[in-house]
Amino acid sequence: MNILVVGGGGREHAITAALARSRKDPSLFAVMSKKNPGIAELCEDFLLAKETDVEKVVGFAVRKNIEIAVIGPEAPLSVGLADALEDAGISVAAPKKAVAQIEFNKGWARNFMKDNGIAGCPRFEVFTERGPMDSFIDELGDVAVKPAGLTGGKGVKVMGDQLPDLDAAKEYAASLLATGSVVVEENLKGEEFTLQAFVDGEHLAFMPTVQDHKRAFEGDLGPNTGGMGSYNDAGEILPFLVEEDVSQAKQIMLDTIRALRRVTGVGYRGALYGQFMITRAGPKVIEFNARFGDPEAMNVLSLLETDYTDVLSAIVTGTLDKLDVKFSRKATVCKYAVPAGYPDAPTSDREVTVGDIGDALLFYSSVYESDGKVYTTGSRAVAVVGVADTIAEAEKIAQHALDNLKGDLHSRRDIGTAGLIQRRIDHMRTIRNMQ
Ligand code: AMP
Ligand code: GLY
């Protein structure tokens, strides 16, 4: 089987590594904008091109007789790469543009949830003008402000330390109007988690829940990033969740997939990513992504026991309900090493060297290889993942590996530590007990 992976980050390295474990021995190909050494090593051939260059990607896929394509990042989904590959006769385990807009058009996504009565939608409005937007910000009193388009998770600001007061919220929202419409919504209070599923147009196969860490610095301080690291517990549920939280989140994702088909006429295929906030009133949707999360893909794909090529075949033939998709009951902790100064003023073109990483898995992200050496680009560089029976053991494995990555790098030591997890549990207990 010839399989194409589009994208060159940590998520795509994890996708490629999971495919390389297949007992069916598929031939793997990649399109990436820079040479990710981890992906390159696992592939028979790769093309260095922009993932959004639809013509080049389709041309490469046709030349290599690709049977199934997987698309990692959001940008190629937003330019209709899945549609173009299908038009060229290639099966695609990634959503077409009409349904992928659940991610790249946040205003559309919120209105879609409201119009279709999907549970877990916060109070929100979408604006193109300042006057009514200011009034709505006053009315809600505590808000999150987001540009409607794609921002790599970095354009969203919430009241609290990022927007100190209503005036700051109004100013920030007004500044975003220059780039397009703006979504203003209630500031949800609780703990966040990620639930991902494989989807075949109709059926969903859920993965273990994961918690990402968006803030750049320890103690959840500093600017939002693409995600500094993530963990899951052995089994399906995170330590601060109860089963009901996860079953409600699953129902929301199932209802979303059904409504997407009803509204657009297109079946959603690929990975669906639900980011939820567990509030006092149950799970609320922060956003949907039309792809795996990065870093969350590295947690769950490292645990996938079912042959990934079988999962892809089931996605493209609509037979996921007939496949038992299994994950090992292990905990994982993933930590990213990012360039110093990331995300606001990152260094770049600095060498990264990998020492003894023990039992950890290593995934290259935004790096490039030159003369056999690996260099940073200014975005998240290398991730390490510990896999073990408990979060604490997995954390030790990941941290040991991180300590042996050398370069002008920064990371969060606190991800997966007992202290931080206890804070999540205590926080959730307080939220659930609030009157
Ligand atoms: P996003 O790019 O939508 O994932 O948002 C980035 C981060 O902003 C999320 O991980 C949340 O921490 C935060 N956020 C987004 N929307 C809200 C909201 N309505 N209430 C509280 N926090 C939010
Ligand atoms: N980790 C967040 C995302 O992939 O969007």
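Every number for a ligand or one of its atoms is a count from 1 in the order of the listing.
Between Glu395 and Lys335 there is a salt bridge, since a side-chain N of the basic residue sits under 4.0 Å from a carboxylate O of the acidic one.
Taking the ring axis of Tyr172 as reference, the NZ or CZ atom of Lys157 stays within 45° of it and closer than 6.0 Å to the ring centre.
The heavy atom nearest to atom 5 (O) of ligand 2, considering only Glu287, Glu74, Arg291, is found in Arg291. Between atom 12 (O) of ligand 1 and the options Glu192, Lys157, Gln162, the minimum heavy-atom separation is to Glu192.
Side-chain atoms of Thr377 and Tyr368 form no donor-acceptor pair, as typed in the model, at a separation below 3.5 Å. Judged purely by distance below 3.5 Å, without hydrogens or angles, the side chains of Asp200 and His203 pair a donor atom with an acceptor atom. Counted by atom type alone, Thr194 and Glu296 present one or more donor-acceptor pairs between their side chains at under 3.5 Å. A side-chain donor from one of Thr332 and Asn299 sits under 3.5 Å from a side-chain acceptor of the other.
With a 4.0 Å cut-off on non-hydrogen atoms, Thr194 does not touch ligand 2 at all. Contacts between Lys284 and ligand 1 below 4.0 angstrom, taking non-hydrogen atoms only, are absent altogether. Counting heavy atoms closer than 4.0 Å to ligand 1, residue Val156 contributes side-chain atoms (C-beta onward) but none from N, CA, C or O. Under 4.0 angstrom from ligand 2, the non-hydrogen atoms of Lys214 all belong to its side chain.
With Ser22 contributing its side chain and Tyr308 its backbone, the two residues share no donor-acceptor pair below 3.5 Å. Formation of a donor-acceptor pair under 3.5 Å by the Thr430 side chain with backbone atoms of Asp426 is found in this model.
Heavy atoms of other residues, nucleotides or ligands lying less than 6.0 angstrom from NZ of Lys396 number 12 at most. Applying the 6.0 Å contact sphere to CD of Glu139 captures more than 12 heavy atoms from other residues, nucleotides or ligands.
Atoms of ligand 2 found under 4.0 Å from any heavy atom of Glu296, numbered from 1 in the order shown, are 1 (N), 2 (C). Interface atoms of ligand 1 facing Lys146, defined by a heavy-atom separation under 4.0 Å, are 3 (O), 15 (C), 16 (N). Listed by atom number, the atoms of ligand 1 under 4.0 Å from Leu188 heavy atoms are 18 (C), 19 (N), 20 (N), 21 (C). Close approach of ligand 2 to Asp212 (heavy-atom distance below 4.0 Å) involves ligand atoms 1 (N), 2 (C). Ligand-side atoms of ligand 1 in range of Val158: 14 (N), 21 (C), 22 (N), 23 (C), range being under 4.0 angstrom from any heavy atom. Atoms of ligand 1 found under 4.0 Å from any heavy atom of Asn187, numbered from 1 in the order shown, are 20 (N), 21 (C). Interface atoms of ligand 1 facing Gln275, defined by a heavy-atom separation under 4.0 Å, are 4 (O), 9 (C), 10 (O).
The aromatic ring centres of Phe136 and Phe127 sit less than 6.0 Å apart.
Heavy-atom separations between Gly293 and ligand 2 include at least one value shorter than 4.0 Å. Using a 4.0 Å cutoff on heavy atoms, Gly226 counts as a contact of ligand 2. Residue contact annotation: Glu186 has a non-hydrogen atom under 4.0 Å from ligand 1.
In terms of N/O distances under 3.5 Å, ligand 2 is not approached by Arg11.
Distance from atom 2 (C) of ligand 2 to its nearest protein heavy atom, with residue and atom name: Tyr273 OH, 3.3 Å.
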